[in-house]
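Data first, discussion second: the structure below is written as structure tokens.
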Amino acid sequence: MPTSARRPSSLLKRSLATVAAVALASSLAACGGGSLSSTGSSGSTDSVKIGLVVPASGVYEPLGIDMTRGFELYLDEHNGELGGKKVEVVKADEGEGPETGVPATTKVITQDKVQVVVGIVNSATALGVKDTLTRSKVPLVVANAGADQLTDGSAYLWRTSFTNGGVGETLGADVAGEVSGPVYLMASDYAAGRESVAGFKKSFEAAGGKVAGETYTPFGTTSDYQPYLTKAQNSKAAAVYVFYAGAEAVNFVKQYSSFGMKDVPLYAAGFLTEGGVLEAQGAAALGIKTALHYSNLIDTPENKNFVAAYTKAYDAAPTVYAVQAYDAAAALDAALEKLDSVNGESIAEALGDIGEIASPRGPWSFDEKHNPDQPYFLREVKDVGGTLGNAVLSQLNE
Ligand code: PHB
């Protein structure tokens with residue numbers, strides 16, 4: 001974990017980052033206000049303006065809350081500075097999908113003139129803003145969206161999270177070895193769900209697994225999964241693999257259990273049981289096995305320190321979403337450290353040269369496509385000392 005200068009006493013109070021932002025905004029106002037746009041394009045030396053675009057509404061709102069917390073925790077641990085530069089954060093609501101997320105991102109680039117954007121949960125939104133960012137020469141540090149085609153080597157796209165296909169693919173071979181019989185595939189019907197299933201299927205079939213059938217549920221509007229679960233049940237599958245996250249994950253898991261599927265082993269990309277959704281699912285989630293690049297139960301000093309700081313600050317356990325945003329701040333910290341003149345182009349270039357990040361998830365670094373080269377874990381929902389948690393069973397990609 002990046003060294004922390006000090007721990008915040010209470011992040012429930014106004015964060016230091018916000019205080020820094022207010023101070024910076026007032027000093028800019030005092031010298032004529034409009035100077036921000038020229039600061040944004042020509043390159044500042046002692047400050048950086050960051051657009052934090054995550055959902056504050058819609059099915060992925062809880063993910064946005066965790067990401068904001070992770071990002072602000074890192075800033076608070078570093079005196080509101082990244083790479084020795086004062087940080088001003090401009091927040092915008094990504095909402096549920098591209099119809100809200102694209103204008104929110106465009107606004108922070110064109111109106112607020114941020115020098116870098118952090119966030120974006122939804123794959124469709126990320127794909128929708130990709131070209132604008134590259135054209136505007138404003139880097140995006142994607143702290144969640146997993147769209148496989150998002151990072152194609154564009155100098156302005158960097159990702160501290162995962163690829164959808166990559167998460168699914170790490171699990172397929174294990175499931176093929178563990179389950180005797182065909183597996184049914186189900187997912188939310190948009191880029192993330194389809195790619196997650198495709199990745200799983202690739203390694204599952206390569207390891208000799210047979211698919212019993214597949215079905216996709218309309219994203220954001222499905223509240224009744226029973227017609228789809230009927231198909232899975234009729235297929236006589238020996239197990240099911242799914243991709244659901246946020247509010248969809250809660251509904252799905254509860255209905256899977258109450259529909260009489262509890263005895264059919266459920267496998268998933270780990271978002272299904274991550275964080276607040278697990279609490280809401282309750283006992284219905286017990287026994288679900290997932291693949292993910294984090295669990296707050298990882299037994300390392302780096303993770304234990306992070307969990308303690310996060311829990312103290314927010315009275316809640318951290319999630320993968322919080323870690324991805326915490327690491328986005330860590331990556332920018334390392335990149336900005338190298339810069340005298342801060343602008344979109346210089347940040348994008350410096351991100352290519354930061355080396356390894358010592359994260360709560362374990363060490364990772366950007367690969368040639370700007371995605372994290374990182375550990376993945378097989379996890380199982382268990383009762384851990386009276387609380388449901390994602391117990392780590394093994395590392396999948398050793
Ligand atoms: C995505 O749209 O890429 C996505 C959204 C939520 C998740 C994971 C992936 O939990």
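In listed order, ligands and their atoms are each counted from 1.
Using modelled atom types, no side-chain atom of Ser365 and backbone atom of Gly355 make a donor-acceptor pair closer than 3.5 Å. Formation of a donor-acceptor pair under 3.5 Å by the Glu248 side chain with backbone atoms of Thr222 is not found in this model.
Summary of contacts: the protein heavy atom closest to atom 5 (C) of ligand 1 is Tyr190 OH, 3.3 Å. Protein heavy atom nearest atom 10 (O) of ligand 1, with residue, atom name and distance: Tyr321 OH, 2.9 Å. Nearest non-hydrogen protein atom to atom 3 (O) of ligand 1 is Ser123 OG, 2.6 Å.
Ligand-side atoms of ligand 1 in range of Ala245: 6 (C), 7 (C), 10 (O), range being under 4.0 angstrom from any heavy atom. Set against the non-hydrogen atoms of Asn144, the atoms of ligand 1 under 4.0 Å away are 4 (C), 5 (C), 6 (C), 7 (C), 8 (C), 9 (C). Heavy-atom proximity to Asn122, at under 4.0 Å, picks out these atoms of ligand 1: 2 (O). Below 4.0 Å from some heavy atom of Ala145 lie the following atoms of ligand 1, by number and element: 3 (O). For ligand 1, the atoms sitting less than 4.0 Å from at least one non-hydrogen atom of Asn164 are 3 (O), 9 (C), numbered in the order shown with element in parentheses.
With sequence neighbours excluded, no residue satisfies side chain to side chain donor-acceptor pair (under 3.5 Å) with Tyr225. With sequence neighbours left out, Glu274 forms a salt bridge (Lys or Arg N to Asp or Glu O under 4.0 Å) with Arg379.
Annotation: Phe162 places no N or O atom under 3.5 Å from an N or O atom of ligand 1; distance criterion only.
Residue Leu63 places a heavy atom less than 4.0 Å from ligand 1.
Side-chain contact annotation: Ser57 with Asp93, donor-acceptor N/O pair under 3.5 Å present. Thr319 and Asn296 share no donor-acceptor pair across their side chains, judged by distance under 3.5 Å alone.
The proximity of Phe243 to ligand 1, defined as any non-hydrogen pair under 4.0 Å, is limited to the side chain.
Here the rule is side chain to side chain donor-acceptor pair (under 3.5 Å) with Asn371, and of Thr160, Thr151, Thr163 only Thr151 fits it. The ring pair (Phe, Tyr, Trp, His ring centres under 6.0 Å) test with Phe252 is passed by exactly one of Tyr244, Phe259, Phe271: Tyr244.
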